Amino acid sequence: MNRFKGLSRYIFCIVVIMAAFAVYGLRLIDWQIINGAYWLNVSTRTNTSSVKITAARGEILDRNGNALAVNKTVYAIVFDKSAMTKDTQNKTILQLVSLLQKRGETWVDELPIQVTATGAYEYITSRQSEVDALKKNLFRGNTYVTAEQCILELQRKYECEGYSPNQTRAILSVRYNMELSGFSVSTPYIFATGISSDTVGIISENAQNLPGATVEVTTVRDYPDGTVAPHVLGTLGAISQEEYAEEKKQGNTYSLDNLGGYAYNDSIGKSGVESYFEKYLRGTNGLKVIETTRTGAVASSTVTQAPVAGDSIYLTIDKNLQRVAQVSLANNVKGAQNEGKSGGSKGGADCVAGGAVVLNIKDFSVLAAATFPSYDLNQYNSNPSYVSGLFQDKTKPMYDRALVGSFMPGSSFKPVVASAALQEGVINSSSTVTCHRVYTFWNDYQPTCMGYHGTINVVTALQKSCNIFFYDTGRRLGIDTLDLYAKRFGLGQKTGIEINEGAGVLSSPQVRVAAGGVWNGGDVVQAAIGQADNSFTPLQLATYVSTLVNDGTRLKTHLIGKITDYNRDKVIMQNDPNSPTVVDHVGVSKENLETVKKGMRAVTSVGGTASSFANYGIAVAGKTGTAQVPPHSDNVVFVGFAPYDKPEIAVAVVLEYGAYSKYSTAVARDLFDAYFFGKTVDASGNLVFPAKEESTSSGTSSGTGTSSGTSSGVSSTAG
């Protein structure tokens with residue numbers, strides 16, 4: 001009986017095994033014979049993904065085609081989502097961070113949290129907006145969340161345990177930025193750019209230990225000299241969540257139907273020309289289709305649409321003139337500081353900033369727009385600690401004092417008052433006022449002058465900068481009429497330049513009341529000498545002088561010469577210097593403007609307040625200004641133009657708290673030297689004239705002559 005049962009079990013097992021083999025056999029027949037072709041196709045089928053090819057950004061050049069912001073080819077470490085697994089990505093990130101740190105190279109590090117010496121976490125206070133965004137993303141904007149709590153939440157989110165505080169922060173910084181950048185199969189993540197060829201070799205040798213990390217060739221912004229016109233050129237940066245949301249709202253985000261749209265990991269212009277001309281500079285991205293097998297191997301890679309590079313922009317800036325302006329501002333700010341610190345009677349020790357603008361009178365194009373203190377765009381784009389220092393610097397080196405900064409003009413405003421009064425018949429070229437140093441029209445308010453000038457007419461009043469003459473003229477003219485003419489000259493309102501600019505303030509009862517103050521009848525006389533609430537940008541001052549010498553016709557001030565395609569073959573847009581845009585007419589006769597210009601010429605002659613130009617190689621006309629800004633030293637201003645008979649350029653210089661007008665006048669002298677006589681900046685950063693056989697003008701003038709100016713930029717004047 002037992003033997004029979006054992007045999008039955010044996011037979012049962014054989015039947016089961018045979019049945020199983022039969023099922024597998026039938027399945028194999030189906031796979032290989034009946035439906036073999038179908039299953040072969042399935043087994044070799046590839047996955048297809050579309051990858052964006054970023055277009056090269058358009059380049060920025062000066063008026064002569066000299067490079068200001070261009071592109072250079074560099075190596076970049078890029079993360080590929082399809083090859084980076086969840087289990088290996090933290091290890092890969094840490095290995096790459098360690099490698100770059102050892103080699104002194106940088107990676108994209110955007111987390112606004114730092115590790116203290118004790119291993120604790122704290123927010124980076126200079127990056128408050130990024131801190132707020134981090135809190136919003138992790139805790140819906142809870143403002144009481146600590147840096148430690150943010151790190152714990154990121155650790156939980158990205159499964160990052162078992163590392164030191166510095167290692168943890170590094171990994172979380174990359175993972176957080178990967179998420180913000182929309183890292184996916186179709187959107188690679190750029191971990192680092194500009195890595196050295198030696199580092200590329202190390203990564204290539206260890207590729208098997210760095211899954212998902214590849215080295216690609218890409219382009220980045222490069223500045224032949226990052227210190228030239230950084231405020232004008234502007235900055236680039238990663239697109240923020242707010243910017244991306246705005247682009248999405250406008251239907252301008254990246255998709256297969258909109259290759260020119262923005263992706264999460266794109267860069268965008270943040271300021272200056274880079275921002276205001278983003279649509280021209282950006283270009284249109286291309287598309288690459290990648291096929292991968294079931295195992296993740298790349299089967300094919302095909303460019304289905306080539307990227308179209310952005311357009312190139314020619315500025316009206318002259319690179320040499322711009323460099324001279326920047327160096328001269330630095331020299332003369334330092335000169336004012338040193339004189340103030342050595343016991344100068346007028347102060348100047350607190351002078352730390354200034355701005356200068358040069359305009360081409362023919363079409364009001366900007367030849368130079370310099371700011372001091374300034375910064376280096378190359379450092380800005382590569383050194384996070386440098387950027388942090390810029391934001392913490394109390395002198396605000398990123399603030400554009402040439403186009404945005406607004407300063408009390410002092411007596412440099414007087415030519416406007418003279419023009420208005422002559423046109424309104426309040427005075428004529430022969431009218432006189434007697435200066436006894438004190439203005440006695442009111443019993444209870446008697447403002448003073450800097451000297452005893454006796455009986456003088458308008459030309460002499462400009463030459464000597466007599467306050468008494470302009471107190472009386474301004475009072476008789478009235479604030480409403482004075483403001484009407486000042487606005488026509490372009491003061492207290494934007495000039496229309498293509499990038500960000502300040503509006504300034506034109507003194508009036510309405511402005512005073514709006515600020516919570518009270519306008520008194522005697523305030524008009526302070527407004528007439530460029531004080532009270534008057535505050536203008538160097539750009540506006542240069543525009544007003546250009547208007548005065550352009551027979552009273554104000555043109556649109558502009559910075560863009562032309563825009564071409566990337567290869568610079570086809571002109572897309574151009575500001576024709578022979579057809580400038582007219583903005584306004586000041587309504588002052590040519591005869592009256594000539595009288596004012598005679599006064600400005602007298603300023604730069606013997607006995608004038610800018611007599612250092614008396615023996616200059618060409619005829620210069622101008623006006624100095626000293627404005628009281630308690631508790632600081634005085635602002636000092638110089639506005640002028642040259643040559644006197646056939647004006648080509650207008651200059652405006654302001655030194656904030658500069659105290660001594662000789663320093664603002666010296667900056668103007670360097671600018672005239674550069675334009676007419678070829679003064680330049682040598683390799684050591686000194687202002688020098690070229691050798692005679694090499695001497696050429698950096699401007700359009702054909703004038704010749706030699707300058708008596710010094711390369712230091714400081715020359716004496718009557719003050």
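As the structure is a prediction and not an experimental result, all values here were calculated from the model. Below, all heavy atoms of this structure are taken into account, side chains as well, without hydrogens, waters or symmetry copies.
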Seminar exercise, completed: Sequence neighbours excluded, the answer for side-chain contact (heavy atoms from CB on, under 4.5 Å) partners of Asp222 is Val70, Lys72, Asn378
For this session: Say whether, by atom type as modelled, one donor and one acceptor occur between the side chain of His231 and the main chain of Ala229 under 3.5 angstrom.
Result: no
Exercise. Looking at Phe638 versus Phe613, is the centre-to-centre ring distance below 6.0 Å?
Worked result: yes
For this session: Mark yes when over 12 heavy atoms from residues, nucleotides or ligands other than Lys598 sit less than 6.0 Å from its NZ; otherwise mark no.
Result: no
Exercise. Would you say the side-chain atoms of Thr316 pair up with the backbone N or O of Leu559, donor to acceptor, closer than 3.5 Å?
Worked result: yes
Exercise. Taking the six-membered ring for Trp, are Tyr657 and His632 parallel (under 30°), tilted (30 to 60°) or perpendicular (over 60°)?
Worked result: parallel
Exercise. Under 6.0 Å from the CE atom of Met450, do we count more than 12 heavy atoms belonging to anything else shown?
Worked result: no
Exercise. Can a salt bridge be assigned to the pair Glu278 and Arg57 using a cut-off of 4.0 Å between side-chain N and carboxylate O?
Worked result: yes
For this session: Test side chain to side chain donor-acceptor pair (under 3.5 Å) on Ser411 and Ser465 and set out the steps.
Result: CA-CA 7 Å; Ser411 296; Ser465 200; 3.1 Å; yes
Exercise. Which residues pass the side chain to side chain donor-acceptor pair (under 3.5 Å) test with Thr680, sequence neighbours left out?
Worked result: Asn320
Exercise. Among side-chain atoms of Thr460 and Asn457, is any donor-acceptor pair under 3.5 angstrom?
Worked result: yes
Exercise. Run the salt bridge (charged side-chain N to carboxylate O under 4.0 Å, His left out) check on Lys662 and Glu339 step by step: do they pass?
Worked result: CA-CA 12 Å; Lys662 65 182 178 182; Glu339 185 161 350; 3.1 Å; yes
Problem set entry | Verdict with supporting geometry, His453 and Phe469, side-chain contact (heavy atoms from CB on, under 4.5 Å) | CA-CA 9 Å; His453 297 119; Phe469 185 97; over 6 Å; no
Problem set entry | Shortest non-hydrogen separation from Tyr663 to Gly658 and the atoms involved | CD1-O, 4.4 Å
For this session: Report yes or no: do Gln423 and Asn592 form a side-chain donor-acceptor pair below 3.5 Å?
Result: yes
Exercise. Is a side-chain donor or acceptor of Thr604 paired with a backbone partner of Gly622 at a separation under 3.5 angstrom?
Worked result: no
Exercise. Looking at Asp673 and Lys679, does any basic side-chain N land under 4.0 Å from a carboxylate oxygen?
Worked result: yes
Problem set entry | Main-chain N/O of Thr609 paired with Lys623 side-chain donor or acceptor, under 3.5 Å | no
For this session: Quick one: closest heavy-atom pair of Ala418 and Val458, and the distance?
Result: CB-CG2, 3.8 Å
Problem set entry | Backbone of Ile560 reached by a side-chain donor or acceptor of Asn575 within 3.5 Å | yes
Problem set entry | Validation row: Lys487, Leu506 side chains within 4.5 angstrom (heavy atoms) | yes
Exercise. Can you check ring pair (Phe, Tyr, Trp, His ring centres under 6.0 Å) on Tyr616 and Phe676, steps first, answer last?
Worked result: CA-CA 11 Å; Tyr616 192 62; Phe676 293 107; 7.8 Å; no
Exercise. Any chance the rings of Tyr399 and Tyr375 have centres within less than 6.0 Å?
Worked result: no
Exercise. Is the charged tip of Arg669 near the ring of Phe672: under 6.0 Å from the six-membered ring centre and within 45° of its axis?
Worked result: no
Exercise. Can we say Arg401 and Glu656 salt-bridge, meaning some charged N sits less than 4.0 Å from an Asp/Glu carboxylate O?
Worked result: yes
Problem set entry | Set of side-chain contact (heavy atoms from CB on, under 4.5 Å) partners for Thr395, sequence neighbours left out | Val352, Pro373, Asp393, Pro397
Exercise. Is the closest basic N to carboxylate O distance between Arg601 and Glu594 below 4.0 Å?
Worked result: no
